[in-house]
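What follows is a short report on a single structure.
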Amino acid sequence: MRRTVPILLMMTTWTTARAEPISFEEVREVVFREPLSRPPDYGHPELRMLLNGLSGAMFHRFYRTFQQDLDLKPWRTKLAHRVGVCADARWKIDGVSPATGLLDEGADIPALVRFAVGNNRPTPGPVPRIFSMAVKLFPTSDPRQAVETRNLHLFDQYAIDGDYRGTFLSHPPSGEHPLAFSNLAPVSKPHALLTTVLLAPFSPHPLTMPLYPLTEVDGTGARVMTPVTPHHVLLIPRPTARKVVARDFRDELRRYAPGELVFDVVIPRQPRFPESVAIGTLTVGHMVVSEACDATLHFRHHPWR
């Protein structure tokens, strides 16, 4: 299956590659080209991460992750967030918004989403899982138009500390805050604090994903002259009409029909934004598990400013 990755991608080097405009249809075609009927098994997650950390490979990969601008990278198994499921989606902002650009009323654009677990555990086990999602936005109404993508990285409210819940979208026990995915990833547990130390050389704020890329361009790709950017955004899954349960989160998510899974896009209360406001939705379409989803699709980390 790796042979299907475009030859140009295989020839591209990490040190010189820069993002070129690309269309939603181009990226989707690569990700959906060869779907797998069964999610792949990558073996012992923590052991492999430990060995790569000791060898120095982890630092090299982190550097490339934060520096690389490609949307499709040369095929290579990830060290973290290795197991995932991808989906096409629609990003629609139809409420009055205090922010600009792709967070402003009127933005209605295609997107690709990847749901993953940071510590590579597809099933519940003796350690908490780090649930995350990444959203790749294409600022255009034409899925065939090549554009510079804007990327959003999110963790649930347990961030790098992780959570023991059985399914990706099950809500916390009664009395706790509803499940929400955030661009901020606070940490408290020792293993999570160690992760921030490992990431510190590559970003001054490695667990705060900047939102300025979403506010400096509108849904047509035009530049916003006076952007207004929040520090914090939430994606909150709406309750679904039926409960989907599967031991492997990739099987769980693939059982949702297109359009059944919807996230509310919310700008919560924060400095300069005195009211919490729901501004739109991310509607998830067709799901796929593929080698390209796990090893070729890349959600670049926009540099901190």
Side-chain angles (χ1 to χ4, degrees), residues 24-25 27-40 81 83-95 102-103 107-117 122-124 129-138 141 143 151-158 163 165-174 176-183 219 233-267 277-290 292-294 297 299:
F24 167 79
E25 285 192 354
V27 181
R28 187 190 187 282
E29 194 278 329
V30 171
V31 173
F32 279 75
R33 182 183 297 153
E34 291 188 347
L36 300 174
S37 58
R38 297 180 61 182
H81 303 279
V83 293
V85 56
C86 291
D88 52 23
R90 195 76 189 177
W91 177 272
K92 185 175 183 180
I93 307 300
D94 54 6
L102 302 181
L103 294 177
D108 187 358
I109 58 175
L112 285 170
V113 184
R114 186 172 188 264
F115 303 93
V117 212
T123 59
R129 291 189 290 174
I130 301 170
F131 296 97
S132 67
M133 58 186 292
V135 184
K136 185 179 293 294
L137 299 172
F138 296 78
S141 59
N151 296 264
L152 181 59
H153 299 262
L154 306 134
F155 292 91
D156 70 5
Q157 64 258 44
Y158 302 99
D163 183 47
R165 67 179 182 272
T167 62
F168 198 98
L169 293 176
S170 58
H171 285 259
S174 178
E176 295 190 24
H177 296 293
L179 183 63
F181 291 82
S182 168
N183 67 304
V233 71
L234 295 173
L235 265 63
I236 303 175
R238 291 182 178 178
T240 54
R242 61 193 180 97
K243 186 177 182 180
V244 175
V245 178
R247 183 163 174 78
D248 190 312
F249 81 91
R250 295 169 293 181
D251 290 327
E252 169 202 348
L253 292 172
R254 288 195 298 170
R255 291 177 184 173
Y256 286 101
E260 189 175 3
L261 185 56
V262 179
F263 291 79
D264 285 313
V265 181
V266 176
I267 297 178
V277 56
I279 60 174
T281 54
L282 175 72
T283 302
V284 179
H286 297 85
M287 300 271 191
V288 68
V289 169
S290 69
C293 170
D294 284 345
L297 181 63
F299 292 83

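- For S132, the side-chain hydrogen bond (donor to acceptor under 3.5 Å, both in side chains) partners at least two apart in sequence or on another chain are H81.
- Ring pair F299/H153 is perpendicular by interplanar angle, where above 60° counts as perpendicular and below 30° as parallel.
- In this view, D94 satisfies the side-chain hydrogen bond (donor to acceptor under 3.5 Å, both in side chains) rule with no residue, not counting sequence neighbours.
- Here D163 does not pair with R129 in a salt bridge; the nearest charged N to carboxylate O distance is not below 4.0 Å.
- Put simply, the side chain of D88 never gets that close to the backbone of L112: no donor and acceptor are under 3.5 Å apart.
- For I279, the side chain to side chain contact (heavy atoms under 4.5 Å, CB included) partners two or more places apart in sequence, or in a different chain, are I93, S97, P98, L103, V265, I267, V277.
- Test F155, F168, F115 against F181 for ring pair (Phe, Tyr, Trp, His ring centres under 6.0 Å) and you get one pass: F168.
- R90 contributes no side-chain N or O that, together with a main-chain N or O of L282, makes up a donor-acceptor pair within less than 3.5 Å.
- Partners of T283 under the side-chain hydrogen bond (donor to acceptor under 3.5 Å, both in side chains) rule, at least two apart in sequence or in another chain, do not exist in this structure.
- Applying the side-chain hydrogen bond (donor to acceptor under 3.5 Å, both in side chains) criterion to E29, with sequence neighbours excluded, gives R33.
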- request: With side chain to side chain contact (heavy atoms under 4.5 Å, CB included) as the test, would you mind laying out the steps for I109 and S141 before giving the verdict?
  value: CA-CA 5 Å; I109 58 175; S141 59; 5.9 Å; no

message: Apply side chain to side chain contact (heavy atoms under 4.5 Å, CB included) to residues L179 and Q157 and explain how you reach the verdict.
response: CA-CA 7 Å; L179 183 63; Q157 64 258 44; 3.7 Å; yes

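- The main-chain N or O of V31 is found under 3.5 Å from a side-chain atom of S290 such that the two form a donor-acceptor pair.
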Which atom pairs, one a donor and one an acceptor, fall under 3.5 Å between side chains of residues 238-245 and the rest of the protein, sequence neighbours left out?
residue : atom : partner : partner atom : Å
R238    : NE   : D264    : OD1          : 2.9
R238    : NE   : D264    : OD2          : 3.3
R238    : NH2  : D264    : OD1          : 2.9
T240    : OG1  : R242    : O            : 2.7
R242    : NE   : E260    : OE1          : 3.4
R242    : NE   : E260    : OE2          : 2.7
R242    : NH2  : R255    : O            : 2.5
R242    : NH2  : E260    : OE1          : 3.0

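- A donor-acceptor pair is defined here as one N or O able to donate and one able to accept, closer than 3.5 Å; such a pair exists between the side chain of D294 and the backbone of G84.
- The backbone N or O of S37 lies less than 3.5 Å from a partner atom in the side chain of R254, making a donor-acceptor pair.
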message: Between L297 and V30, does the side chain to side chain contact (heavy atoms under 4.5 Å, CB included) criterion hold? Intermediate values first, please.
response: CA-CA 8 Å; L297 181 63; V30 171; over 6 Å; no

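- Geometrically, R165 engages F131 in a cation-pi contact defined by less than 6.0 Å to the ring centre and at most 45° from the axis.
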